Protein chains: 2
Amino acid sequence: MSDVAMPIGQLARSVGCNVQTIRYYEQIGLLPPARRTAGAQRRYGAAHRQKLTFIRHARELGFPLPAIRELLALVHEQDSDCARADGIARRQLEAVNRRVAMLMSLRTELERMLMHDHGNRIRDCRVLATLADHRLCIETHHADSADS
Amino acid sequence: MSDVAMPIGQLARSVGCNVQTIRYYEQIGLLPPARRTAGAQRRYGAAHRQKLTFIRHARELGFPLPAIRELLALVHEQDSDCARADGIARRQLEAVNRRVAMLMSLRTELERMLMHDHGNRIRDCRVLATLADHRLCIETHHADSADS
DNA sequence: GCTAAAACCTACAGTCACTAGAGCTTCAAG
DNA sequence: CTTGAAGCTCTAGTGACTGTAGGTTTTAGC
Ligand SMILES: [Zn+2]
Ligand SMILES: [Zn+2]
Ligand SMILES: [Zn+2]
Ligand SMILES: [Zn+2]
């Protein structure tokens, strides 16, 4: 399509993020500055769109921005070994695994709380009783790393 | 133990959070202000410790602070119905379920990326190729809600 | 009573990855 | 040439803390 001189809003729609996000990426130096019209509006081409697509896809897979910055730098070294890139992805996988494990035990505990018979008064509520005393929990859901 | 006049550091150790967190909770009105010594240092008793334990346990289960604030308010209405408390917990369970679902599909995709044979050059790297083009993904891991 | 170290105090900045708003300017269609 | 959408910069806010600077209080040993 009209790749030649896309304004920022069109680029945003085409990759599915919003305009402020693109300006933010430029500001922190993740996306190189766009060329500007005489009136100082940004105009983007295919290269920018590719880079932004990469960034957004990585974000959707949960990579943090510093990791993405490193991955983008690696893309330019076509002849180098990809071990570093793979390492970043593996670390991301491990982080995801830790979060999943954490959330699964939270889920178990929340389900346990809710399953119990509630004497429908606050004073007898299983949810509040459990929150007040972790000994009513079975699982050790406690955070070693990875929150919420 | 010495519940009578715990200084903030001791309270922090006893519930397993750090000192700034307690001051932060006081600042945002989640934890009521402690009484002070002549020299303006905070001293805590059993009631404070109970409340803080409740807060920290709820946080470990992923409840956001506004939900915890509401739960704490409910605890004082011993004779009321616990439906609201249960509703908050159910919403938290649903949020956890959404996150788990999201993270599972991220995990699948990350594993797929990494499983592939890598021609150990950047130019052939499956990780970077996949990040550059979502069509190489099977799962629709895309975020509708719940990030990272 | 004195000293030194540990713990405490306030106030403010920084984290992460955006998002929202105010107040102004530029672009493109008619 | 007018108008309305879209763009611009700059600043502040989100959630739930964490870290720092620079000062004061407490406590234990002598
Ligand atoms: Zn209940
Ligand atoms: Zn528990
Ligand atoms: Zn590779
Ligand atoms: Zn994908």
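All values reported here derive from a predicted model rather than from experimental measurement. Because only heavy atoms are used, hydrogens play no part in the values below, and waters and symmetry mates are left out as well, while side chains stay in. Chain identifiers are assigned alphabetically (A, B, ...) following the order of the sequence lines, protein sequences preceding nucleic acid strands; residue numbering begins at 1 within each chain.
- With sequence neighbours excluded, the residues satisfying salt bridge (charged side-chain N to carboxylate O under 4.0 Å, His left out) with B:D79 are A:R123.
- Residue A:Y44 contributes atom OH, which lies 12 Å from atom C1' of D:dC8 at whole-angstrom precision.
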Task: Protein-to-nucleotide contact annotation, 5' to 3' order, nucleotides 15-20 of chain C [B base; S sugar-phosphate only; - none; under 4.0 Å, heavy atom] - done: --BBBB
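- Under the side-chain contact (heavy atoms from CB on, under 4.5 Å) criterion, B:T108 pairs with B:E139, sequence neighbours left out.
- Among residue pairs with one or both ends in residues 100-116 of chain B, those qualifying as salt bridge (Lys or Arg N to Asp or Glu O under 4.0 Å) are B:E109-B:R112; sequence neighbours excluded.
- Within the structure, salt bridge (Lys or Arg N to Asp or Glu O under 4.0 Å) contacts touching residues 5-32 of chain B (residues at least two apart or in different chains) are B:E26-B:R36, B:E26-B:R42.
- A:M6 has its CE atom 18 Å from the P atom of C:dC27, to the nearest Å.
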Open item on the list: I'd like to compare against my own output: the B/S/- annotation of nucleotides 2-12 of chain C with a strict under-4.0 Å heavy-atom distance to protein.
Closed with: ------SSB--
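- Within the structure, ring-ring contact (aromatic ring centres under 6.0 Å, His included) pairs that include any residue of residues 60-119 of chain B do not occur (at least two apart or interchain).
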N/O contacts under 3.5 Å, protein versus nucleotides 22-24 of chain C?
none

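- Counting only residues at least two apart or in different chains, salt bridge (Lys or Arg N to Asp or Glu O under 4.0 Å) contacts with residues 67-77 of chain B comprise B:E70-B:R84.
- Judged as a salt bridge (charged side-chain N to carboxylate O under 4.0 Å, His left out), and not counting sequence neighbours, the contacts of A:D133 are A:R135.
- With sequence neighbours excluded, the residues satisfying side-chain contact (heavy atoms from CB on, under 4.5 Å) with A:N120 are B:D81.
- Among residues two or more places apart in sequence or in another chain, the side-chain contact (heavy atoms from CB on, under 4.5 Å) test is passed with B:F54 by A:L128, A:L131, A:A132, B:L71, B:L72, B:V75.
- Proximity of a side-chain donor or acceptor of A:Q78 to a complementary backbone N or O of B:I122 within less than 3.5 Å is not detected.
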